[in-house]
K.L.:
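Take a look at the following structure, please.
Just so it is clear, the values below take in all heavy atoms, side chains as well, and ignore hydrogens, waters and symmetry mates.
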Amino acid sequence: MVGPYAMFERACGNGTSELIAREKDCSSGLEKNVFRILLRYGLRMMSNAQLATHVEINLPNVKHPTIYNALFSPDEEISI
């Protein structure tokens with residue numbers, strides 16, 4: 001069974017995003033409110049280090065799978 005993990009990102013103006021893994025990473029009141037709601041519903045926020053951790057799993061087209069691949073996007077490289 002997979003746990004109640006979540007990834008919360010802020011869209012940046014240059015087409016990239018920034019991960020928000022802790023409340024202190026929030027840059028606005030809106031982000032803090034959303035973050036608190038996610039926690040209230042029992043979701044566990046993932047950090048960059050956790051998402052980038054390699055796991056022993058076979059995924060098509062992924063040479064070195066990470067937790068990010070296993071939980072959120074099996075065919076994308078982590079870019080956060």
Side-chain angles (χ1 to χ4, degrees):
M1 181 177 145
V2 175
Y5 301 110
M7 208 174 114
F8 183 34
E9 292 181 296
R10 169 189 313 110
C12 298
N14 58 3
T16 62
S17 61
E18 295 176 351
L19 190 69
I20 302 170
R22 300 166 296 185
E23 188 171 340
K24 74 178 194 172
D25 298 332
C26 295
S27 65
S28 70
L30 176 62
E31 287 179 359
K32 284 183 183 182
N33 288 338
V34 171
F35 190 87
R36 289 173 182 162
I37 290 168
L38 294 171
L39 293 179
R40 188 177 320 133
Y41 281 92
L43 295 172
R44 294 174 51 194
M45 308 311 290
M46 303 293 290
S47 69
N48 283 332
Q50 290 169 318
L51 291 168
T53 301
H54 291 278
V55 292
E56 295 293 324
I57 187 173
N58 291 321
L59 295 173
N61 303 320
V62 180
K63 198 172 199 175
H64 303 287
T66 62
I67 289 176
Y68 173 78
N69 299 124
L71 293 177
F72 301 109
S73 184
D75 56 358
E76 278 183 28
E77 292 294 319
I78 187 168
S79 62
I80 50 175

K.L.:
Hydrophobic side-chain clustering at under 4.5 Å (ILVMFWY, transitive links): who's grouped with F35? Put none if nobody.
P.N.:
F8, I20, L30, V34, L38, L39, L43, M45
K.L.:
Please report the closest heavy-atom contact between H64 and N69, naming both atoms and the distance.
P.N.:
O-OD1, 4.2 Å
K.L.:
Please name the pair of heavy atoms, one in L59 and one in A70, separated by the smallest distance, quoted to 0.1 Å.
P.N.:
CD1-N, 4.2 Å
K.L.:
Considering only residues two or more places apart or on different chains, which pairs with a residue in residues 35-55 satisfy salt bridge (Lys or Arg N to Asp or Glu O under 4.0 Å)?
P.N.:
E23-R36
K.L.:
Within this structure, what is the CD-CG distance for the pair E9 and L19, rounded to the nearest 0.5 Å?
P.N.:
6.0 Å
K.L.:
Residues two or more places apart in sequence or in another chain: which of them pass side-chain contact (heavy atoms from CB on, under 4.5 Å) with N58?
P.N.:
none
K.L.:
Of all heavy-atom pairs between G42 and P4, which one has the smallest distance, and what is that distance?
P.N.:
O-CG, 3.4 Å
K.L.:
Tell me, do Y68 and M7 make a side-chain contact under 4.5 Å, heavy atoms counted?
P.N.:
yes
K.L.:
For residues 24-34, pull every pair meeting salt bridge (Lys or Arg N to Asp or Glu O under 4.0 Å), keeping only residues two or more places apart or in separate chains.
P.N.:
R10-E31, R22-D25
K.L.:
Taking side-chain contact (heavy atoms from CB on, under 4.5 Å) as the definition, give me every residue that meets it alongside T53, ordered by chain and number, with sequence neighbours left out.
P.N.:
I67
